[in-house]
2 protein chains.
Amino acid sequence: MPKINSETRNRILKAAWQLLESNQGSGVRMSDIAKRAGVSRQAVYLHFETRLDLLVATTLYLDEVKGIDERLAPSRTAPDGRSRLTAFIDAWGNYIPEIYGVAKALMTLEATDIVAAEAWKGRMQAVRHGCAAAIHALERDGQLSTAYTVEQATDLLWVLLSVRSWEQLIRDSGWSQADYIDHMQTLAHAAFVR
Amino acid sequence: MPKINSETRNRILKAAWQLLESNQGSGVRMSDIAKRAGVSRQAVYLHFETRLDLLVATTLYLDEVKGIDERLAPSRTAPDGRSRLTAFIDAWGNYIPEIYGVAKALMTLEATDIVAAEAWKGRMQAVRHGCAAAIHALERDGQLSTAYTVEQATDLLWVLLSVRSWEQLIRDSGWSQADYIDHMQTLAHAAFVR
DNA sequence: AGTTTACTTGACATAAAGTCAAGTTGATAA
DNA sequence: TTATCAACTTGACTTTATGTCAAGTAAACT
């Protein structure tokens, strides 16, 4: 396998990203990506063993290019639990549309491929950690609703902020992104802050 | 195409149901269903044009066999909005695990097949109507939270009660069915009842 | 000059859905 | 009794995309 930081590899990742974004994650074949990157289909397999590997690598590439860590920083430095919850929903909720295409492609694989399911689950663990941090902060402030354990509240917030939920509200129900952020924050506060 | 109420047709539907349920909606091929029903693979295509048609027919078959209408009756006759919300979550939430296998198979198709996406969306409209009815009842009681319009609250409740959300909590996060019902009711009340 | 690395070319394997054409069988009707 | 018809069987074929394999090319390094 060629170098991990090769020119070609990056061109493939960029091509995958662009195609998945413009096609909303569906109908993008390995050959399409190869063509867009200006390499042969087999060159793609030289850098990524499977389509799944390529998709996972693309999400990591996006995280880096988009600077997800920096974007989550405000939520980590929030002074109290409530503002941390608000900031996290803002940061993550506004990140979803930027990665939706790639995420959707991974979720599609997830349905039939066990390995893909694990990979997607792994990627979503990062989001869960963010949820857990916000809930823990509430708990430390003595502001967590008594209706749930920390674990349960984390799981519920995680569901609320899942890509699936975003997808249903934005794409099926026609919500605007601004409404999504706004009402998710309201709902999360009503549910978890006492 | 053979009669709509044929013996063979029902055997196929039952076979599809049983296989999808025991395999949780994945890895069930047309040939598996045919084998289980004791007919040839082509006989299946004699009754159902495509796999999607078969899956949709299976959900309708299940709704009939399981008596979904009767099970939703208590929520329709609830005296006030709050109890209607509680009853609806109870009825629908406890129905999900019984149809999960078939639902999952449809959701898998949904990802790649536009026709399937429409079909699934259509089936889920019934659930949305239930959500809308509960929210409207709250509104009539003057008990709906002022944070949302009726439409928005309906959409949010719909997301909370989606099969995807159930799947994430029960299958990914390991919740018990009882906890799911319980906390969904709590959350919905906290979010929508003022 | 020889070897390695990255890539190309083109043929092949695989899986499952769906199609097609020709046959079988049992019931019904002339 | 024979003809017909609906329901079903049998088996071959098409399609689509992923992934594999083997052989070749071309530039860069040693």
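Convention: sequence-line order gives letters A, B, ...; per-chain numbering from 1. In this text the structure is predicted, and so the values were computed from the model without any measurement.
Taking CZ of A:Arg84 as the start and CZ of A:Arg140 as the end, the distance is 7.0 Å to the nearest 0.5 Å. If you take CZ on A:Arg11 and CD1 on A:Ile33, they are separated by 14.0 Å, rounding to the nearest 0.5 Å.
Under the 4.5 Å side-chain heavy-atom criterion for grouping Ile, Leu, Val, Met, Phe, Trp and Tyr, B:Ile170 is connected to B:Tyr100 within one hydrophobic cluster.
Atom pair B:Leu46:CG and D:dC5:P shows a separation of 17 Å (rounding to whole Å applied). Atom CZ of A:Arg9 is separated from atom C1' of C:dT5 by 17 Å (rounded to the nearest Å). Rounded to whole Å, atom C1' of C:dT5 lies 15 Å from atom CD1 of A:Ile4. Atom OH in B:Tyr45 sits roughly 15 Å away from atom C1' in D:dG11 (whole-Å rounding). The distance between atom CD of A:Glu7 and atom P of C:dT5, rounded to the nearest whole Å, is 20 Å. Per the geometry, CG belonging to A:Asp113 stands 16 Å off C1' belonging to C:dA16, to the nearest Å. Rounded to whole angstrom, the span from the CG atom of B:Asn10 across to the P atom of D:dA7 amounts to 14 Å. Rounded to a whole Å, the CG atom of A:Asp32 is 8 Å from the P atom of D:dA17.
With respect to the salt-bridge test (charged N to carboxylate O, under 4.0 angstrom), the residues A:Lys35 and A:Asp32 do not qualify.
At a cut-off of 3.5 angstrom, the base of C:dT9 holds no donor-acceptor pair with the side chain of A:Gln42.
Contacts of A:Arg41 with the nucleic acid, taken as non-hydrogen atoms under 4.0 Å apart, include base atoms. The residue A:Ser31 sits apart from the nucleic acid: no heavy atom pair falls under 4.0 Å. Residue-level contact check: A:Ser6 touches neither bases nor backbone, having no heavy atom under 4.0 Å from any strand.
Close to D:dC8, at under 4.0 Å from its OP1 or OP2, lies a side-chain N or O of B:His47.
When each of B:Ser40 and A:Arg29 is assigned the nucleotide of DNA chain D with its nearest heavy atom, B:Ser40 is the one assigned upstream, toward the 5' end.
In this structure, of D:dA7, C:dC7, C:dA17, it is C:dA17 that holds the atom nearest to the side chain of B:Arg51. When distances run from any side-chain atom of A:Val39 to the nucleotides C:dA6, D:dT18, C:dT8, the shortest one goes to C:dT8.
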Determine, stepwise, if the pair A:Asp90 / A:Gln185 fulfils side-chain hydrogen bond (donor to acceptor under 3.5 Å, both in side chains). CA-CA 8 Å; A:Asp90 181 70; A:Gln185 286 170 339; 4.6 Å; no
